Student: 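Below is the structure I would like to discuss, written out as structure tokens.
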Amino acid sequence: YAPWCPACQQIELTWESFAKESERLDITVGKVDVTQEPGLSGRFFVTTLPTIYHANDGVFRRYRGSRTLEDLQGYVLERKWEAVEPVAGWKSPSSIMMHGMAGLFHLSGWIRQIHSYLTGTLGVHAWISYAIFILATLLIGLFLGL
């Protein structure tokens, strides 16, 4: 979820009720703010918000059903998750590919922080900041090419 997301705000009370029922359902319910954890959003390949995953014994399934409390509980109690195709191996959050994707999301956050520092704190014009990143990209490419 993200705090600014209207759909996330709409499901928030239902999700909290679902979390309160977690002990009875013998599950663990959590939520992750993608603005605070960009690596996880990359690892889980989050493209829409909110995104709900069911994880059991290292197998991940994306929940695409109705977002009512009854349907969320039914998904678990009636074991409807068994009929859902697991996330493909290469797209699984535990795969090497998604570890790399998480790293790219962390890198983009780091680059955004550097850009904000250059333009906000140091007062460098945005285009000069872009030029610095272009030059850095070229130099890193040349270095790696050697």
Side-chain angles (χ1 to χ4, degrees), residues 1-121 124 126-127 129-141 143-145:
Y1 85 98
W4 49 262
C5 168
C8 300
Q9 294 167 357
Q10 187 177 9
I11 193 178
E12 188 170 10
L13 292 176
T14 302
W15 194 254
E16 288 175 8
S17 298
F18 185 53
K20 288 177 186 171
E21 294 289 318
S22 64
E23 203 170 304
R24 181 181 68 81
L25 298 170
D26 194 29
I27 60 171
T28 301
V29 175
K31 67 180 185 179
V32 176
D33 181 349
V34 296
T35 62
Q36 298 297 314
E37 298 291 340
L40 281 178
S41 67
R43 183 172 290 192
F44 280 83
F45 205 65
V46 174
T47 56
T48 59
L49 294 173
T51 300
I52 300 173
Y53 276 93
H54 173 268
N56 188 21
D57 294 331
V59 177
F60 298 88
R61 291 173 171 83
R62 186 159 175 197
Y63 177 78
R64 297 181 190 268
S66 170
R67 304 214 168 148
T68 65
L69 180 59
E70 295 77 25
D71 287 333
L72 290 167
Q73 290 173 337
Y75 186 78
V76 174
L77 289 173
E78 298 168 22
R79 301 177 69 89
K80 292 179 181 178
W81 52 270
E82 291 176 333
V84 176
E85 186 73 25
V87 175
W90 68 273
K91 283 177 66 176
S92 174
S94 58
S95 72
I96 292 173
M97 173 91 82
M98 291 298 115
H99 281 285
M101 185 70 77
L104 286 175
F105 275 63
H106 281 296
L107 177 64
S108 70
W110 186 67
I111 289 171
R112 189 172 30 246
Q113 287 177 341
I114 293 172
H115 175 73
S116 296
Y117 176 75
L118 290 172
T119 58
T121 306
V124 174
W127 287 106
S129 174
Y130 298 151
I132 291 169
F133 283 111
I134 290 169
L135 183 61
T137 302
L138 290 173
L139 290 174
I140 290 170
F143 177 75
L144 291 175

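Treat the numbers as computed from the prediction; the structure is a model and nothing was measured. The basis for the numbers below is simple: all heavy atoms, side chains too, and nothing from hydrogens, waters or symmetry mates.
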Student: Is there a side-chain contact between T14 and R67 in this structure, where contact means two heavy atoms from C-beta onward sitting under 4.5 Å apart?
Tutor: no
Student: Are any non-hydrogen side-chain atoms of F18 and V76 less than 4.5 angstrom apart?
Tutor: yes
Student: Are V59 and W81 packed together at the side-chain level, in the sense that at least one heavy-atom pair is separated by less than 4.5 angstrom?
Tutor: no
Student: If I take atom OG1 from residue T137 and atom CD1 from residue I140, how far apart are they, to the nearest 0.5 angstrom?
Tutor: 6.0 Å
Student: Which pair of non-hydrogen atoms, one from A126 and one from T119, has the smallest distance, and what is that distance?
Tutor: CA-CG2, 3.8 Å
Student: Working note: E21 + L72, criterion side chain to side chain contact (heavy atoms under 4.5 Å, CB included); need CA distance, chi angles, decisive distance, verdict.
Tutor: CA-CA 11 Å; E21 294 289 318; L72 290 167; over 6 Å; no
Student: Indicate the atoms forming the closest heavy-atom contact of C8 with C5, along with that distance.
Tutor: SG-SG, 2.9 Å
Student: Hey, does R24 have a side-chain heavy atom less than 4.5 Å from the side chain of L77?
Tutor: yes
Student: Considering all heavy atoms of both residues, which atom of T35 and which atom of A2 are nearest to each other, and what is their separation?
Tutor: CG2-CB, 4.2 Å
Student: Step through the shown structure and confirm whether more than 12 heavy atoms of other residues, nucleotides or ligands are within 6.0 Å of CD on E16.
Tutor: yes
Student: What are the two closest heavy atoms between I114 and F133, and how far apart are they?
Tutor: CG2-CZ, 3.6 Å
Student: Taking atom NZ of K20 as the centre, does the number of heavy atoms from other residues, nucleotides or ligands within less than 6.0 Å exceed 12?
Tutor: no
Student: Output every pair passing side-chain hydrogen bond (donor to acceptor under 3.5 Å, both in side chains) with a member in residues 54-63, not counting sequence neighbours, ordered by first then second residue.
Tutor: T48-R62
Student: Please tell me if the side chains of Y130 and H115 come closer than 4.5 Å, counting only heavy atoms from C-beta onward.
Tutor: yes
Student: Can you tell if the side chain of V32 reaches within under 4.5 Å of the side chain of Y1, non-hydrogen atoms only?
Tutor: no
Student: For E23, does the CD atom have more than 12 heavy-atom neighbours from other residues, nucleotides or ligands under 6.0 Å away?
Tutor: no
Student: When rounded to the nearest 0.5 angstrom, what distance separates CG in L69 from CD1 in I11?
Tutor: 10.0 Å
